[in-house]
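Notes for the one structure printed next.
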Amino acid sequence: GSIKPYQHFVDNEIVTESFDALFEKNLERFGLKITHKKMKVSGGSSDVGNVSQVVPTIQPSLSITDEKIPGHSHQMVEASCSERGLQTIALGAKVLALTALDLIGDPELLAKIKEEHKYNVEHQTEIIKVL
């Protein structure tokens, strides 16, 4: 037999703005604001796009350094293990937990996010053209 490299297909990420806004609201409870960046095509890929095709998904990121460092690098490992890195990881876990509690405690909000996601999945070609 032969061996060939395999890469599964990676889908576009479906953004659900009301879900992102919920995370942002909870982050603000800790005195932090999100810096919104224009969406651009990434040089990498992730299977989070595949997940977002099926369920509402967020992919927030919190800074653990003041300078830009490459992912999957020794610098990233060092920054992740630093005091600031560990504090930021704990903060992210708290904000995600609060976001989950909001969804559990507010079925109408959860339904709204699911409806927005469903619409975005069904109309993703038109949405991508607008972006």
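On a predicted model such as this, the values are computed, not experimentally measured, just so you know.
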Q) Are Val15 and Ile58 connected, step by step, through hydrophobic side chains (Ile, Leu, Val, Met, Phe, Trp, Tyr) whose heavy atoms are closer than 4.5 Å? A) no
Q: Quick one: do Gln124 and Gln53 satisfy side-chain hydrogen bond (donor to acceptor under 3.5 Å, both in side chains)? Show the steps, please.
A: CA-CA 10 Å; Gln124 64 185 298; Gln53 295 284 329; 3.1 Å; yes
I need the [X] [atom1] to [Y] [atom2] distance, nearest 0.5 Å.
X	Y	atom1	atom2	value
Ile89	Cys81	CD1	SG	7.5 Å
Ser52	Asn12	OG	CG	8.0 Å
Leu91	Gln87	CG	CD	9.5 Å
Phe19	Ile113	CZ	CD1	5.5 Å

Show me the donor-acceptor pairs within less than 3.5 Å that the side chains of residues 92-111 make with the rest of the protein, sequence neighbours left out.
unit_1: Thr99; atom_1: OG1; unit_2: Asn26; atom_2: ND2; d: 3.2
unit_1: Thr99; atom_1: OG1; unit_2: Val95; atom_2: O; d: 2.8
unit_1: Asp102; atom_1: OD2; unit_2: Lys25; atom_2: NZ; d: 3.3
unit_1: Asp102; atom_1: OD2; unit_2: Asn26; atom_2: ND2; d: 2.9
unit_1: Asp106; atom_1: OD1; unit_2: Glu108; atom_2: N; d: 3.3
unit_1: Asp106; atom_1: OD1; unit_2: Leu109; atom_2: N; d: 3.1

Q. Can Asn50 and Val10 be said to form a side chain to side chain contact (heavy atoms under 4.5 Å, CB included), step by step?
A. CA-CA 6 Å; Asn50 298 60; Val10 180; 3.9 Å; yes
Q | Test side chain to side chain contact (heavy atoms under 4.5 Å, CB included) applied to His117 and Ile14, step by step | A | CA-CA 7 Å; His117 173 260; Ile14 301 295; 3.9 Å; yes
Q: Return yes when atom CD of Glu28 has more than 12 non-hydrogen atoms of other residues, nucleotides or ligands closer than 6.0 Å, and no otherwise.
A: yes
Q.
Test your reading of the model: is there a side-chain donor-acceptor pair from Thr65 to the backbone of Glu67, 3.5 Å cut-off?
A. yes
If you link ILVMFWY side chains whenever their heavy atoms are less than 4.5 Å apart, which other residues fall into the same cluster as [X]? By chain and number, please.
X	answer
Ile69	Ile64, Met76
Phe9	none
Val51	Val54, Val55

**Q.** Set of salt bridge (charged side-chain N to carboxylate O under 4.0 Å, His left out) partners for Glu115, sequence neighbours left out
**A.** none
**Q.** Steps toward side chain to side chain contact (heavy atoms under 4.5 Å, CB included) verdict (Asp20, Glu24)
**A.** CA-CA 6 Å; Asp20 286 335; Glu24 185 171 354; over 6 Å; no
Q: I would like to know whether Val48 and Thr57 meet side chain to side chain contact (heavy atoms under 4.5 Å, CB included); could you show each step before the answer?
A: CA-CA 8 Å; Val48 73; Thr57 306; 3.5 Å; yes
Q. Which residue pairs pass the salt bridge (Lys or Arg N to Asp or Glu O under 4.0 Å) test with at least one member in residues 76-86, sequence neighbours excluded?
A. Asp66-Arg84
Q: Heavy atoms only: give me the nearest Pro70-Ser73 pair and the separation to one decimal.
A: O-OG, 2.6 Å
